[in-house]
Amino acid sequence: MKVDVLLGLQWGDEGKGKIVDYLAPRYHVVARFQGGPNAGHTLEFDGIKHVLHQIPSGIFRNNIVNIIGNGVVLDPITFQQEVKALEKLQVNPRENLFVSTRAQLILPTHRALDTAYEKAKGKDKIGSTLKGIGPAYQDKVSRQGLRVGDIKLADFAARYAKQRDRHLQILRHLKYKYDFEKEEKTFLKAIEFLKSFTLSDTEHLVNEKLQEHNTVLAEGAQGAMLDVDFGSYPFVTSSNTITAGACTGLGVPPSAIGEVYGIFKSYCTRVGSGPFPTELHDETGEQLRNYGHEFGATTGRPRRTGWLDLPALKYAAMINGVTQLFMMKADVLGAFKEIKICTGYRLPDGSVVGKLSYNLMFDEVEPVYKTFEGWGELAHIPDSLEELPFQLKRYIRYIEEQVGVPITLVSLGPDRQQTVM
Ligand code: GDP
Ligand code: IMO
Ligand code: MG
């Protein structure tokens, strides 16, 4: 069998958590392959609203193996909090959650470094979630990081102390005052807690599952426009959020990739700093934020809002090899009489381009829009895509034609059931 990949095509928060939870019963395995607690994936069903940060969104479904893969950076403190919150909902992740021995650990000093680096950047800050993601991946790449498997080594305490002291030295250099002792106690307790889980070489587990004809869904975090290579660098996260990241983040070959589900909002949002060509600073942008409840699931920050950016969507579909598009939050646009899609960017010299490029993210560009008639509020959730209002079908067809990939799922509300496939 193959690994199907579900990933965000915009700046994150497309609704990945909702759809992974919706699709999970079709899969034997759900696996996270990159990112860490910077992610906030919201699931809603049976009157429950729950936000997951590090644990895969298949955790609420029975008989599914959930994997935190080697490409993830794991914060043991947040992990413990997440498990406790799940236990309150009668979910016991010990039964079906496997954590890769090769996943990197986020230390409390990584979080402090994240804050110190952002402070030092001043007005040029990334707008990081400050969860320690950048510094943890930095240590991974510079070959100094600690991994989940290390926590069972006899000399883990010494290895940890070495990294902590190195971090404290940098923090002193940055003149960042930091009292690590209290957090360290919590961290060391969380490490003991983590030891009670199944820590294994999950690359073997995933490949064995595939050989045994099991289906695997890889759950992306963040989105293509936050990818460290292809996103709006430097305003990005520190991992490869794209399909290729699923290979390196789980230990599966490219030939094992099956469907690639590219998920996007019917408009755009972004939280944190960086270019956002279609951003609306007016009343319409405010309405999008209010109707769509666009406030960060991890930090609570208001999300920046704007119309759908087609050149960016095409680019994301291209680098990910998207085979099916999933369109989210179509209900939110139902509140507008007129809806716009950005089809190209007008450059300062007056020319119009339809392709995202290296330069584009620095230039002042003016979006060129095509206007669509709104579809109003839907009285009920239809059984099939065919039954959607004709104005919405027209909007869908235009995107499909432009991107060259079919839209096979439309989401019309935050609940599991408000989904048409
Ligand atoms: P993720 O990070 O991609 O999992 O997305 P988030 O959970 O951060 O943000 C998506 C938000 O939109 C959450 O509050 C969801 O409950 C909500 N949501 C998801 N799909 C829909 C939808 O179709 N309509 C509406 N109105 N809300 C949705
Ligand atoms: P999910 O998985 C939206 C953004 C941050 C910041 C930049 C770098 O819920 O879609 P980092 O903490 O990685 O150093 O932040 O990336 N960011 C996200 N934005 N959704 C996310 O995850 C994000 N994870 C990081 O706001 O601009
Ligand atoms: Mg989110």
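For ligands, and for the atoms within them, numbers begin at 1 and follow the listed sequence.
Residues Ile263 and Leu6 form a side-chain contact, since some pair of their non-hydrogen atoms from C-beta on lies under 4.5 Å apart. For the pair Gln54 and Glu82, the minimum side-chain heavy-atom distance is below 4.5 Å. The shortest distance between side-chain heavy atoms of Phe180 and Lys185 does not fall below 4.5 Å.
Phe45 carries Arg416 over the face of its six-membered ring, with the cationic atom under 6.0 Å from the centre and within 45° of the normal. Taking the ring axis of Tyr369 as reference, the NZ or CZ atom of Arg346 does not stay both within 45° of it and closer than 6.0 Å to the ring centre.
Of the polar atoms of Asp13, at least one N or O is found under 3.5 Å from an N or O of ligand 1, judged by distance alone. Backbone and side-chain nitrogen or oxygen atoms of Glu14 are examined, and one is located within less than 3.5 angstrom of a nitrogen or oxygen of ligand 1. Considering both main-chain and side-chain atoms, Ala330 never comes within under 3.5 Å of ligand 1 through any nitrogen or oxygen pair. Residue Gly413 places at least one N or O, backbone or side chain, under 3.5 Å from an N or O of ligand 1. Any N or O atom pair closer than 3.5 Å counts here, and Gly12 shares no such pair with ligand 1.
Checked against the 6.0 Å centroid criterion, the rings of Phe336 and Tyr291 qualify as a close aromatic pair. Under the 6.0 Å cut-off for aromatic ring centres, Phe264 and Trp11 do not qualify, their centroids lying 6.0 Å or more apart.
Of the protein's non-hydrogen atoms, Ser411 OG, 2.4 Å is the one closest to atom 23 (O) of ligand 1. Closest to atom 24 (N) of ligand 1 among all protein heavy atoms lies Asp331 OD1, 2.8 Å. Of the protein's heavy atoms, Thr42 OG1, 2.5 Å lies nearest to atom 7 (O) of ligand 1. In this structure, the protein non-hydrogen atom closest to atom 6 (P) of ligand 1 is Gly40 O, 3.5 Å. At the top of the distance list for atom 4 (O) of ligand 1, counting protein heavy atoms only, stands Gly17 N, 2.8 Å. Scanning all protein heavy atoms for the shortest distance to atom 17 (C) of ligand 1 gives Lys329 CE, 3.6 Å.
Atoms of ligand 1 found under 4.0 Å from any heavy atom of Lys18, numbered from 1 in the order shown, are 20 (N). The distance from ligand 1 to the heavy atoms of Glu44 drops below 4.0 Å at these ligand atoms: 16 (O). Remark: ligand 1 atoms within the under-4.0 Å shell around heavy atoms of Met328 are 20 (N).
The Mg ion (ligand 3) has Asp13 OD1, Gly40 O as its protein N, O or S neighbours under 2.8 Å.
Within a 6.0 Å radius of NZ in Lys355, no more than 12 heavy atoms belonging to other residues, nucleotides or ligands are found.
Between Gln144 and Gln163, the side chains place no donor N or O within less than 3.5 Å of an acceptor N or O (distance only, hydrogens not considered). Between the side chains of Glu294 and Tyr267, at least one donor N or O sits under 3.5 Å from an acceptor N or O. Residues Ser57 and Glu219 have side chains that bring a donor and an acceptor to within less than 3.5 angstrom of each other. Under the 3.5 Å distance criterion, with hydrogens and angles disregarded, no donor-acceptor pair is assigned to the side chains of Glu338 and Thr371. Using modelled atom types, one finds a donor on one side chain and an acceptor on the other under 3.5 Å when comparing Tyr27 with Asp4. Thr115 and Glu118 form no side-chain donor-acceptor contact under 3.5 Å, judged by distance and modelled atom types alone.
Residue Val332 touches ligand 1 through its side chain alone, judged by heavy-atom distances below 4.0 Å. When heavy-atom distances to ligand 1 are checked against a 4.0 Å cut-off, Arg303 comes that close only through its side chain, counted from C-beta outward.
Here the side chain of His41 pairs no donor or acceptor atom with the backbone of Lys16 at under 3.5 angstrom. A donor-acceptor contact shorter than 3.5 Å is absent between the side chain of Lys18 and the backbone of Thr42. Of the possible polar contacts, none joining the Glu366 side chain to the Tyr345 backbone as a donor-acceptor pair under 3.5 Å is found.
Sorted by chain and number, the residues within 4.0 Å of ligand 2 by heavy atom are Trp11, Gly12, Asp13, Lys16, Asn38, Ala39, Gly40, His41, Ile126, Gly127, Ser128, Thr129, Ala221, Gln222, Leu226, Val236, Thr237, Val271, Gly272, Arg301.
The nearest non-hydrogen atom to atom 5 (O) of ligand 1, considering only Gly292, Pro414, Gly8, Gly15, comes from Gly15.
Ligand 1 lies nowhere less than 4.0 angstrom from a heavy atom belonging to His53.
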Kindly indicate, with the supporting measurements, whether the criterion side-chain hydrogen bond (donor to acceptor under 3.5 Å, both in side chains) is fulfilled by Asp139 and His167.
CA-CA 10 Å; Asp139 279 355; His167 293 159; 2.7 Å; yes
